[in-house]
**Q** 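The structure that follows is given in the form of structure tokens.
Order of appearance sets the numbers: ligands from 1, and atoms from 1 within every ligand.
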Amino acid sequence: MEWRMAPPGMAEAAGTVVAGLLAGGHEAYFVGGCLRDELLGRPVHDIDITTSALPEEVMALFPRCVPTGLAHGTITVLQEGYSLEVTTYRTESGYADHRRPEHVVFVRDVREDLRRRDFTINAICCGLDGGRIDPFGGERDLKLRVIRCVGEAEERFEEDALRMLRCVRFASVLDFAIAKNTWRGLLRQRDKLAHIAVERVRAEVERILEGPHPQRGLGLLLRSGLLPRGKAPFPWTGRDLAAAAARLAGLGNLESARLRWALLLHALGSSAQCADELLRAWTFPGATRTGVVAVLRVREAWDAALLSARPEASGAGERLRRRWIAAVLGQGQSAAEGWLTVLDAAGAEAASPVTTSLLRSWTAEMPIRTLAELAVSGHEVTAALEKRPGPWLGVLLNQLLLAVAAGDLANDNQLLLQAAQRMDRDE
Ligand code: ATP
Ligand code: MG
């Protein structure tokens with residue numbers, strides 16, 4: 001088997017493992033996603049191996065291994081710096097809660113193993129010599145660009161409801177169609193999504209949104225009616241989501257996941273607070289959540305500034321500039337720039353008195369953007385004022401930061417200490 005899309009080291013390590021299993025008198029094949037991606041010319045991230053060898057036999061052949069999922073027959077073999085999952089041919093039955101098979105039975109025939117897999121394009125395996133076993137027409141479906149269940153779709157989705165989201169995810173990421181029967185089965189079983197853990201659902205939705213065709217994926221999610229049936233709150237109607245998804249086109253493909261979520265939540269009209277609660281309920285990692293929320297907080301700060309601005313009053317432009325700078329300091333430069341990208345993508349309201357390019361130049365002109373860059377430390381300020389540190393210190397340092405960032409004050413240690421004394425007196 002010649003791998004074109006797998007890292008050469010990984011391909012070699014996987015070849016060594018398969019050869020080792022064969023030498024031990026067992027059958028072994030490369031299987032699943034790695035073949036799908038190789039045949040599609042997409043990067044292969046990991047190579048899974050399926051074998052007739054029982055887990056104990058695998059462990060006996062490869063001393064450096066981890067019994068990752070022993071009960072399900074999966075051993076992770078460590079080979080030449082790579083970890084390869086080696087799984088014994090198996091069938092599954094008696095799915096509990098529409099997710100986990102209660103019985104795993106090891107079998108002797110690789111075709112039986114392929115039959116338990118979700119989609120035809122994921123049910124291909126290939127030997128060391130490059131010979132493929134493809135009982136369900138996976139290669140044909142790769143050419144037709146269609147996602148099709150192995151066997152009866154309705155049954156397969158009932159067994160494991162997560163497969164419905166995997167179906168939408170593969171259709172979205174690969175830009176494939178979904179076979180009619182598969183789609184019909186999905187619609188019939190969609191209520192079963194209620195059985196799937198929120199983090200599993202979130203992980204699939206993340207891959208859809210972060211993939212190359214998020215709009216297509218959101219369109220499919222919408223038509224499937226899956227998300228409102230999940231465990232996590234979904235406070236929107238389909239129409240909201242369709243309109244919001246359309247805005248994603250304005251965001252380049254390179255933009256981060258954080259901005260995709262921010263744009264979506266913005267277009268759905270979520271406040272920063274609501275977004276925070278929603279992302280929490282959806283079990284998003286803290287870093288993603290706080291990143292998205294910071295972007296929406298910049299929006300709120302700026303909206304408030306625009307609302308209170310009276311454009312005809314004198315000095316209105318300067319007041320807005322200061323409010324913008326305060327927002328940049330409050331949420332961080334990255335959140336502020338993220339917000340401007342979102343605003344451009346979402347199609348900024350024509351009536352806004354300040355363009356995003358003006359906001360960008362205001363940001364660029366800020367001499368400093370963080371407390372760390374301020375040429376005076378909290379220690380120096382407390383010493384100069386002969387006061388004990390307390391909440392007043394943070395307030396004062398932030399006043400100094402704003403003054404320097406807005407260009408009122410040079411970022412000079414002596415000048416800052418004098419300004420601190422002045423501000424303290426004025427308190
Ligand atoms: P990717 O790793 O890009 O998500 P993949 O197809 O490798 O794609 P994995 O979750 O790594 O997905 O699973 C490996 C293989 O195991 C799949 O190709 C498929 O054959 C099988 N598989 C995974 N999840 C399921 C499932 N829920 N039901 C049936 N078969 C599955
Ligand atoms: Mg995989």
**Q** Which protein residues come within less than 4.0 angstrom of ligand 1, counting heavy atoms only?
**A** Gly32, Gly33, Arg36, Asp48, Arg99, Arg116, Arg117, Asp118, Asn122, Asp160, Arg163, Arg166, Arg169, Phe170, Arg207

**Q** Would you tabulate the side-chain donor-acceptor contacts of residues 225-236 under 3.5 Å, counting partners in other chains and residues two or more places apart, or write 'none'?
**A**
unit_1	atom_1	unit_2	atom_2	d
Arg229	NE	Asp191	OD1	2.7
Arg229	NH1	Gly225	O	2.7
Lys231	NZ	Ala194	O	3.4

**Q** Between Trp302 and Trp324, is the gap from one ring center to the other below 6.0 Å?
**A** yes

**Q** Ignoring hydrogens and angles, state whether a donor on the side chain of Arg36 or Asn122 is under 3.5 Å from an acceptor on the partner side chain.
**A** yes

**Q** For residues Thr355 and Arg360, is any side-chain donor paired with an opposing acceptor at under 3.5 Å?
**A** no

**Q** Do you know which of Glu159, Glu152, Glu158, Glu154 makes salt bridge (Lys or Arg N to Asp or Glu O under 4.0 Å) with Arg156?
**A** Glu159

**Q** Just checking, any donor-acceptor pair under 3.5 angstrom between side chains of Thr76 and Thr68?
**A**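 Yes, because at least one side-chain N or O of Thr76 sits under 3.5 Å from a partner of the opposite role on Thr68.
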
